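Here's the structure, in structure tokens; my notes come after.
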Amino acid sequence: MISEAQSTNFIAEAVRSDLASGRFDRVHTRFPPEPNAYLHIGHALAIHVNYGIAKEFGGLLNLRFDDTNPLKEEQEYVDAILHDVEWLGAEFGDRVFFTSDYFAQMYEWATQLVRQGDAYVCDLSQEEMRSSRGTLTAPGTNSPYRDRSVEENLGLLERMKLGEFPDGAKTLRARIDMASPNINLRDPVMYRIRHAHHHRQGDDWCIYPSYDWSHGLGDSIEGITHSLCSMEYEDHRPLYDWFLERAGIYRPRQIEFSRLSLTHTVMSKRRFVELVERGHVAGYDDPRLPTVAGLRRRGYTAWAINELCRRTGISKTNKSMEMFQLEDCLREDLNRSAPRRMAVLDPLKVVIQNYPEGASETVTAVNNPEDESAGSRQVPFGREIWIEREDFREEPPPKFFRLAPGREVRLRYGYFIRCVGTVKDSEGNVVEVHCTYDPETQGGNAPDGRKVKATLHWVEASTALLAQVRLYDHLFLTPNADEGGDYLANLNPDSLRTVRAWIEPAVADATAGCTFQFERLGYFTCDKDSRPGAIVFNRSVTLRDTWAKVACAAADRETPG
RNA sequence: UGCCGGAUCGUCUAAUGGUAGGACAGCGGUUUUUGGUGCCGCACGUCUAGGUUCGAAUCCUAGUCCGGCAGCCA
């Protein structure tokens with residue numbers, strides 16, 4: 001057995017030292033999404049980290065829905081998140097929990113804090129509370145209700161719970177320090193009044209705990225050892241510890257790490273909503289969005305997403321991974337697993353003049369050169385075939401190896417063909433290329449040993465399937481979507497191009513989620529919109545294209561600036 | 001300008017006082033019935049200034065820059 005080197009990231013080291021010191025004798029983490037939105041690849045990193053640490057130390061991961069705000073949370077999101085986390089491969093067994101299931105216990109601890117003089121009922125309005133909180137540089141001032149008696153607070157809290165006050169009339173606040181340089185410690189709210197229907201608790205409650213009050217308690221109840229969260233909670237850690245200490249209960253350790261962001265995209269719920277509502281994308285699972293659902297629809301594998309997380313690593317720096325990196329992860333996975341097929345996205349007709357009219361045959365094509373067990377298939381061949389328009393040039397530029405007048409190239413798994421002429425329309429555009437083939441080269445090798453410089457993919461015309469192919473590109477033109485201030489101004493107008501393509505018959509029964517490599521083009525995944533006879537493919541990612549780079553560089557040289 | 005955090009190739013990340021390494025991107029070569037894959041190579045980095053030390057990315061001091069925090073959101 002190959003012993004895997006232990007991780008050296010700072011969280012693994014902290015966990016190791018906690019285990020060594022005896023602070024904890026086991027490892028238990030959690031992933032605590034709020035069920036108010038779809039998961040995105042940033043969440044995938046959080047899952048990866050929490051699950052990865054648990055796994056590395058032989059511990060467990062809990063999935064906990066942090067449903068403390070009845071105004072925003074819905075069962076629909078619970079279902080979607082559950083599905084995404086499972087799909088990503090994080091194992092949580094039957095440990096699916098809801099913060100709302102702890103409301104009764106939390107209320108009891110709240111009364112305990114009140115009895116200890118650590119919390120009080122405050123009548124300040126939202127505006128009054130804001131102005132008395134002070135600013136980043138000036139201390140706040142004490143609430144006039146800060147010194148109510150324990151009995152009065154207890155009575156008021158009870159009446160809040162009973163529903164005697166309207167929304168916003170009162171809050172329960174922790175009595176800490178209105179002059180603290182850490183604003184989170186300036187008597188933070190523990191409960192607010194919300195006469196709202198909760199997706200799980202129904203109308204049982206009309207006071208709801210805040211994140212700060214509830215989160216550590218939830219961790220404590222579940223016996224979490226390491227509560228791994230993102231950097232923006234760092235300022236909340238003193239509060240996290242304070243609540244646990246005052247409640248006098250088991251204390252997990254919160255450790256923060258920085259979240260993932262990617263170039264050429266955005267990663268916030270607010271923006272997803274805006275993009276969907278303004279019609280820039282078709283929904284939360286639009287293949288251009290970095291949501292887990294969108295990525296999956298695009299054709300991303302869970303392996304690729306986890307590999308990106310692994311490559312990203314765990315740290316506290318502000319990071320922005322390049323989109324290349326994500327794309328490369330997908331290519332690495334799909335190169336070894338995706339069956340190969342041939343498809344022509346921008347068709348140009350080739351007529352093989354010396355191929356007998358009415359004749360047909362099949363040629364043998366390898367399904368996956370990286371995987372012998374994938375076997376081979378028969379592909380129809382005939383007198384008329386489609387090739388990619390960009391694979392023919394009437395006046396080939398330097399280093400262009402493909403088809404041109406007089407040139408011989410190989411049709412993959414087919415024959416050598418030589419261009420002997422073209423047919424043009426009235427505007428001079430080439431609409432047909434005429435070739436001859438060498439019957440001796442069947443399968444793609446010449447018995448006389450002569451070589452060709454290019455191999456083209458192709459599709460036999462009479463048996464080709466017509467399909468819709470959606471060509472996706474970066475959603476944003478600029479690496480940083482915010483560049484220039486207005487992110488919508490940086491949207492890529494060509495992030496989706498739809499084309500009609502000819503594909504070989506072997507994809508006829510592809511169903512949603514099936515991924516192929518279309519040779520020389522990229523990886524394509526059958527979309528859920530696909531129907532028998534009306535196939536739809538999404539381009540998941542292109543192949544690396546060295547020629548495109550060469551051609552692009554040449555073009556740049558011709559038109560500098 | 002209050003508090004907290006961070007700064008290592010273009011990007012992400014290692015090096016825990018002892019040769020600054022890896023991945024992706026870039027460049028070059030090689031193999032190839034995918035201008036794909038694979039393989040080989042090249043180039044590129046310790047925020048700045050002082051200090052401690054035989055030796056500093058690492059320790060100390062002073063700066064600089066970046067991020068977060070003033071929801072009854074999480």
Side-chain angles (χ1 to χ4, degrees), chain A residues 8-9 13 32-34 36-37 66 68-69 71-72 122 124-126 129-131 133-140 167-173 180-186 188-194 207-208 210-212 214-215 229-238 256 258 260 263 269 308 310-329 331-332 335-336 340 342 365-366 369-370 399-402 410-414 416 441 443-445 451-457 479 517-522 542-551:
Chain A
T8 57
N9 68 72
E13 284 180 352
E34 182 187 10
N36 74 339
D66 210 358
T68 58
N69 186 348
L71 267 24
K72 309 202 302 190
C122 181
L124 252 28
S125 70
Q126 201 157 163
M129 200 183 289
R130 186 183 321 128
S131 53
R133 188 155 30 227
T135 67
L136 292 177
T137 52
D167 288 6
K170 292 180 177 356
T171 56
L172 182 72
R173 292 228 258 167
S180 173
N182 181 344
I183 289 175
N184 298 119
L185 263 21
R186 318 237 264 228
V189 168
M190 295 167 65
Y191 279 96
R192 70 278 212 196
I193 300 171
R194 287 244 214 284
I207 58 171
Y208 289 91
S210 64
Y211 167 87
D212 285 312
S214 66
H215 201 83
C229 60
S230 45
M231 294 300 293
E232 68 261 34
Y233 293 106
E234 198 158 32
D235 290 338
H236 295 249
R237 183 164 13 105
E256 312 83 19
S258 66
L260 169 67
T263 61
K269 191 193 68 184
L308 194 259
R310 193 190 64 75
R311 291 186 190 183
T312 301
I314 304 172
S315 67
K316 300 177 83 145
T317 55
N318 310 318
K319 58 184 147 207
S320 176
M321 288 295 273
E322 287 177 334
M323 192 60 89
F324 294 123
Q325 195 86 234
L326 211 212
E327 293 172 348
D328 184 73
C329 292
R331 289 191 191 103
E332 183 178 339
N335 175 54
R336 58 195 172 208
R340 308 291 114 135
M342 289 195 286
V366 170
E370 307 291 321
K399 293 192 192 153
F400 182 89
F401 303 146
R402 283 110 98 143
R410 171 168 40 231
L411 294 176
R412 178 144 235 228
Y413 302 125
F416 284 11
T441 57
N445 280 310
K451 302 287 185 202
V452 289
K453 292 189 86 171
T455 300
L456 270 39
H457 63 276
Q517 182 195 104
F518 291 163
E519 296 223 21
R520 301 210 304 137
L521 296 174
T542 62
L543 253 29
R544 279 199 196 83
D545 190 347
T546 309
W547 165 244
K549 268 189 284 190
V550 172

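Computation of the quantities below employed the complete heavy-atom set of this structure, encompassing side-chain atoms and omitting hydrogens, waters and symmetry-equivalent molecules. In what follows, chains carry the letters A, B, and so on, assigned in the order in which the sequence lines appear, proteins first and then strands, with residues in each chain numbered from 1. Nothing here was measured: the structure is a model prediction, and the numbers come from that model.
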Just call it for [X]: base, sugar-phosphate, or nothing, with non-hydrogen atoms closer than 4.0 Å on any strand.
X        : result
A/Lys549 : sugar-phosphate
A/Leu185 : nothing
A/Thr546 : sugar-phosphate
A/Ser320 : sugar-phosphate
A/Glu256 : nothing
A/His236 : base
A/Thr312 : sugar-phosphate
A/Glu34  : sugar-phosphate
A/Asn36  : nothing
A/Phe400 : base
A/Arg402 : base
A/Tyr208 : nothing
A/Ser180 : nothing
A/Tyr191 : nothing

Does [X] put a side-chain nitrogen or oxygen below 4.0 Å from OP1 or OP2 of [N]?
X        : N     : result
A/Arg130 : B/G71 : yes
A/Arg133 : B/G71 : yes
A/Thr135 : B/G2  : no
A/Thr317 : B/U13 : yes
A/Lys399 : B/G35 : no

What interatomic distance, in whole Å, is found between [atom1] of [M] and the corresponding atom of [N]?
N     : M     : atom1 : value
B/A15 : B/A56 : C1'   : 13 Å
B/C69 : B/U1  : C1'   : 14 Å
B/A57 : B/G6  : C1'   : 15 Å
B/U11 : B/G67 : P     : 15 Å
B/G45 : B/G21 : C1'   : 12 Å
B/U58 : B/U48 : P     : 10 Å
B/U31 : B/C39 : P     : 16 Å
B/C60 : B/U53 : C1'   : 12 Å

Between [options], spot the one nearest the side chain of [X], thanks.
X        : options             : result
A/Arg192 : B/G6, B/U34, B/A74  : B/A74
A/Tyr233 : B/A74, B/G35, B/U13 : B/A74
A/Asn9   : B/A14, B/U34, B/U13 : B/A14
A/Arg412 : B/U13, B/G35, B/U34 : B/U34
A/Met129 : B/G35, B/C72, B/A25 : B/C72
A/Gln325 : B/A70, B/C24, B/U13 : B/C24
A/Arg311 : B/C72, B/A70, B/C24 : B/C24
A/Leu543 : B/G71, B/C12, B/U34 : B/U34
A/Glu322 : B/C12, B/A14, B/C24 : B/C24

Legend entry - Heavy-atom side-chain proximity of A/Lys399 to A/Trp547 below 4.5 angstrom: yes
Inset, instruction - Could you tell me whether the side chain of A/Thr171 reaches within less than 4.5 Å of the side chain of A/Gln126, counting heavy atoms only? - result: no
Between the protein and nucleotides 3-5 of chain B, which nitrogen or oxygen pairs are less than 3.5 angstrom apart?
| residue | atom | partner | partner atom | Å |
| --- | --- | --- | --- | --- |
| B/G5 | O4' | A/Glu234 | OE1 | 3.2 |

Inset, instruction - Assess the side chains of A/Thr455 and A/Arg412: does a donor N or O sit below 3.5 Å from an acceptor N or O? - result: no
Legend entry - Under 3.5 Å donor-acceptor pair, A/Arg520 side-chain atoms to B/G35 base atoms: no
Inset, instruction - Report yes if the ring of A/Phe324 lies under 5.5 Å from the six-membered base ring of B/A25 with planes under 30°, and no otherwise. - result: no
For the pair made of [atom1] in [X] and [atom2] in [N], what is the distance, rounded to whole Å?
X        : N     : atom1 : atom2 : value
A/Ile183 : B/C69 : CD1   : P     : 11 Å
A/Met321 : B/C12 : CE    : C1'   : 5 Å
A/Arg331 : B/U34 : CZ    : P     : 18 Å
A/Glu327 : B/C12 : CD    : P     : 17 Å
A/Asp545 : B/A25 : CG    : C1'   : 16 Å
A/Glu519 : B/U34 : CD    : C1'   : 5 Å
A/Leu71  : B/G71 : CG    : P     : 18 Å
A/Lys451 : B/U31 : NZ    : C1'   : 12 Å

Quick one: does [X]'s side chain have a donor or acceptor within less than 3.5 Å of a partner on [Y]'s backbone?
X        : Y        : result
A/Lys319 : A/Gly313 : yes
A/Arg133 : A/Pro188 : no
A/Ser180 : A/Leu185 : no
A/Ser258 : A/Ser315 : yes
A/Asn182 : A/Asp235 : yes

Inset, instruction - Please name the pair of heavy atoms, one in A/Ile207 and one in A/Ile193, separated by the smallest distance, quoted to 0.1 Å. - result: CG2-CG1, 4.0 Å
Inset, instruction - Over all heavy atoms of both residues, which pair between A/Glu34 and A/Asp66 is shortest? Give the atoms and the distance, please. - result: CG-O, 3.5 Å
Inset, instruction - For RNA chain B, produce a single dot-bracket line, 5' to 3'. Pairs: Watson-Crick or G-U wobble, both distances under 3.5 Å. Symbols: ( ) within strand, [ ] crossing, | other strand, . unpaired. - result: .((((((..((((....[..)))).(((((.......)))))....(((((..]....))))))))))).....
Legend entry - Pairing residues for A/Arg192 by the side chain to side chain donor-acceptor pair (under 3.5 Å) criterion, not counting sequence neighbours: none
Legend entry - A/Arg402 CZ to A/Leu456 CG distance, which is reported to the nearest 0.5 Å: 7.0 Å
Inset, instruction - Find the distance between CD (A/Gln517) and CG (A/Leu543) and round it off to the nearest 0.5 Å. - result: 4.5 Å
